[in-house]
A.B. asks: 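Dropping the structure in here first, questions after.
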Number of protein chains: 2
Amino acid sequence: MKVKIVDVAKEANVSVATVSRVVNNIPLVNEETKERVLEAIKKTGYKPNAIARSLKIQKTNTLGIMIPDITNPFYTEMVRGAEDVCGIYNYNIILSNTDFDHEKEQNSLGVLVEKQCDGIIYVGKHLTDELRDDLIDAPSEIVLGCVPDESGQLSGVLIDNEAAAYDLTIECLKMGHTKFAIFYDEYKEGYINQKRLQGIKKALGEWNVELDDDLVYFGSQSTLGGYHMMEEALASGREFTNVFCFNDQIALGAMRAAEDNGKVIPDDVSICGFNNFWIAEWTRPQITTVGQPMYDIGAIATRMLIKMCEKEERETKTVFVPYEMLMRNSVKNLKSE
Amino acid sequence: MKVKIVDVAKEANVSVATVSRVVNNIPLVNEETKERVLEAIKKTGYKPNAIARSLKIQKTNTLGIMIPDITNPFYTEMVRGAEDVCGIYNYNIILSNTDFDHEKEQNSLGVLVEKQCDGIIYVGKHLTDELRDDLIDAPSEIVLGCVPDESGQLSGVLIDNEAAAYDLTIECLKMGHTKFAIFYDEYKEGYINQKRLQGIKKALGEWNVELDDDLVYFGSQSTLGGYHMMEEALASGREFTNVFCFNDQIALGAMRAAEDNGKVIPDDVSICGFNNFWIAEWTRPQITTVGQPMYDIGAIATRMLIKMCEKEERETKTVFVPYEMLMRNSVKNLKSE
DNA sequence: CTGAAAGCGCTTACAG
DNA sequence: CTGAAAGCGCTTACAG
């Protein structure tokens, strides 16, 4: 039988109120009785029941995190960041994979709310209006990751995707590239795709460089997806010297497909990734990419969320975290020939 | 204000008991009143409070999962498997990273127990006697992942590490290798290290091949760790034609270090990984490795655990799941020269 | 400084 | 078929 507060109260010859006070470290308990209670706790092996406590105080100290797929290293890092700050503040995380599936997202949200999560982090590559409204209506506090609420009602933390894609494009233009292919995510209209595309187009516009729309692919966000997109691009017979990939996994697949078709990277074709998944440093050539502070995004979002849960902060804001240009050797400098 | 069961009871003009019955789909409710209640629920937007329910029924439908580091792809896959079967059975997962740190493990366990997890999955590379005892004493159901309870008191699911290492070694011996290096995990005395080492030694014994103990390294379980171990091995001047790595990340690092030192893989040195992390297929050469069904281990462990939580099953058992020999081209067949 | 008592939001025998 | 009431294990005003 599990021992409960009343058992230790009996053991220590005090009321349950007193036991509760010492368990929760509320002062104004006589030192001597405190000792007695502590002893009784040890003797009985009492462990407080957090569920009962939560019901009473209307706070669970648990956060929900809705994430497309924990298996994607990008999201994994975010979860780790979230977990680590939860550890500091004494919170726990309930994990929920949503697979970019709108129905699963709704379900997840429902469950996390039912389980009375104090706060919920929503991570995705696009926030539909419908889900945004549900999030706003939810009784839990909400912070978004990687995607903003453009209506300004929900807080979020992410990088400026447009600026990052712009910067990367400029770098490639400077190195003499003018023929580009793009291997992006299959969720074509998704927020992240769109922002990055805008960034690329802005840079190209400034340099008066045309983008061949037939070389813009929206494929599966995986190494195999990257492989296939490169095969298609090559088969199209269209000319390109550089490809922008949605992430480093796609870039790796693209590299392999190019190699399997007799191309040398970066001499025959240059490749850019995104995110700086650790593998990007270990490929040969190393992948030029945009470093996104994935761990930090998770950590910052969580810290914001916890502050909201503890009512220290009520203002909603979108935090843009810095990204980093990592020019490595999968992109050739055509100017130095 | 959150709406609760009494609010919908008023709205529908019934007792809370009746509302509870329709919410929980307990039959013996008049069809007509059921309709009325359903309507009231919709109208009020009532969402049951799972915390209150849990307190009453003494079941939370949440599982805890203690895992060294979600960031390690091996564990990530397991968590995904666990999460997916949780989805089927209507459970949720509280995640806890333990970083191979004994103190963190104790803390995690305490928190998960306090939060009344119905069951807990412990994943690690070694189970200390002390933690084992704590696990046994815990009021939650327990299943181990990747590591067994050799005292037979706790259920677990894992591969037969000794047999897998043995098989892999035999394959390499058949290909003519006789000089081996080993790049294993830094937790030297850990269960997994030890079992795999036994498997290797058994195979070598059968073939009358000596193992050079100076070529057995216990380093950091990462690509960089693998890089360093290879550097050391090479610098030692000792002879080896093949190295067994603890996992594929280490193997990748080892490959890079060898290459950076002018070696060609597999012509100058052959490399074996372990686990079949997806990257192993995308390196060039592809990494010969032992496929471990990481997702399945998570899924099976979770299914077992849920069955225990629902008292359908009480017998404790250790399940060995099959592994797979993936002979790719990072190992050279010396016989075919 | 300490205790009696109400109440958090549910479920479920029990009685009708 | 339905409801009144007890109780899950805590916390916390309130009174003393």
A.B. asks: Identify which nucleotide among C/dT12, D/dT2, D/dT11 has an atom closest to any side-chain atom of A/Arg53, counting heavy atoms from C-beta outward.
C.D. replies: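 Nucleotide nearest to A/Arg53's side chain: D/dT11.
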A.B. asks: Roughly how many Å apart are D/dT12 and D/dG16, using the C1' atom of each and rounding to a whole number?
C.D. replies: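 Per the computed distance, 16 Å lies between those C1' atoms.
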A.B. asks: Looking at D/dC10, I'd like to know if its phosphate oxygens (OP1 or OP2) sit under 4.0 Å from a side-chain N or O belonging to A/Lys56.
C.D. replies: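 Checking D/dC10 against A/Lys56, no side-chain N or O comes under 4.0 Å of OP1 or OP2.
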A.B. asks: What nucleotide among C/dC1, D/dT12, C/dT12 has an atom nearest to a side-chain atom of A/Ala17?
C.D. replies: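 From the listed options, D/dT12 comes nearest.
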A.B. asks: Please test B/Ser151 against B/Gln153 for side-chain hydrogen bond (donor to acceptor under 3.5 Å, both in side chains), starting from the C-alpha separation and ending with a verdict.
C.D. replies: CA-CA 6 Å; B/Ser151 78; B/Gln153 299 172 78; 2.9 Å; yes
A.B. asks: Indicate, with a heavy-atom threshold strictly under 4.0 Å, whether B/Val14 touches base, sugar-phosphate, or nothing.
C.D. replies: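 Answer is sugar-phosphate: B/Val14 comes under 4.0 Å of backbone atoms only.
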A.B. asks: Please determine if a side-chain N or O atom of B/Gln116 lies less than 4.0 Å away from the OP1 or OP2 oxygen of D/dG9.
C.D. replies: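 Result: no.
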A.B. asks: Using the closest heavy atom to pick a nucleotide of DNA chain D for each, name whichever of B/Arg21 or A/Ile57 lands nearer the 5' end.
C.D. replies: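 So the residue in question is B/Arg21.
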A.B. asks: Closer than 4.0 Å, any side-chain N/O of B/Asn49 to the OP1 or OP2 of C/dC8?
C.D. replies: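 For C/dC8, OP1/OP2 do not have a side-chain N/O of B/Asn49 under 4.0 Å.
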A.B. asks: When the distance from CG of A/Asn13 to C1' of C/dT2 is rounded to whole Å, what number comes out?
C.D. replies: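 After rounding, the gap between these two atoms is 13 Å.
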A.B. asks: Side-chain N or O of A/Gln58 less than 4.0 angstrom from OP1 or OP2 on C/dG7?
C.D. replies: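 Answer no for this pair, as no side-chain N or O of A/Gln58 is under 4.0 Å from OP1 or OP2.
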A.B. asks: Taking any strand in view, what nucleotide pairs with D/dA13 in a Watson-Crick or G-U wobble way, both distances under 3.5 Å?
C.D. replies: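 Across any shown strand, D/dA13 pairs with none.
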A.B. asks: Assign A/Thr18 to base, sugar-phosphate, or nothing according to its heavy-atom contacts below 4.0 angstrom with the strands shown.
C.D. replies: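 Counting heavy atoms under 4.0 Å across all strands, the contact made by A/Thr18 is with sugar-phosphate only.
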A.B. asks: Does B/Leu55 reach a base, just sugar-phosphate, or nothing at all? Heavy atoms under 4.0 Å.
C.D. replies: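 Contact class for B/Leu55: base.
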A.B. asks: Within 45 degrees of the axis of the six-membered ring of B/Tyr191 and under 6.0 Å from its centre: does B/Lys125 put its NZ or CZ there?
C.D. replies: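 No, B/Lys125 does not sit over the ring of B/Tyr191.
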A.B. asks: In sequence, state the C-alpha distance, the side-chain angles, and the governing distance for B/Leu63 and B/Ile94, and then conclude on side-chain contact (heavy atoms from CB on, under 4.5 Å).
C.D. replies: CA-CA 6 Å; B/Leu63 264 29; B/Ile94 294 183; over 6 Å; no
A.B. asks: Just the rounded figure in Å: distance from P of C/dG9 to NZ of B/Lys10.
C.D. replies: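 Going from NZ in B/Lys10 over to P in C/dG9 covers 12 Å.
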A.B. asks: If you assign A/Val23 and B/Ser15 each to the DNA chain D nucleotide with the nearest heavy atom, which residue ends up on the more 5' nucleotide?
C.D. replies: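 So the residue in question is B/Ser15.
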A.B. asks: Any idea which heavy atoms bring B/Asn97 and B/Lys104 closest together, and the distance?
C.D. replies: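 Reported closest heavy-atom pair: O-CD, 4.3 Å.
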A.B. asks: Could you state the CD1-C1' distance from B/Ile26 to C/dA13, rounded to the nearest angstrom?
C.D. replies: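 Atom CD1 in B/Ile26 sits about 12 Å away from atom C1' in C/dA13.
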A.B. asks: NA contact type, A/Ser54, heavy-atom cut-off 4.0 Å: base, sugar-phosphate, or nothing?
C.D. replies: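 If one applies the 4.0 Å heavy-atom cut-off, A/Ser54 turns out to touch nothing in the nucleic acid.
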A.B. asks: Could you work out the separation of C/dA5 and C/dC1 based on their P atoms and round it to a whole Å?
C.D. replies: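 Here C/dA5 and C/dC1 have their P atoms 23 Å from each other.
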A.B. asks: Just by distance, with hydrogens left out, do A/Lys59 and A/Asn61 show a side-chain donor and acceptor under 3.5 Å apart?
C.D. replies: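 Distance-only check passes for A/Lys59 and A/Asn61.
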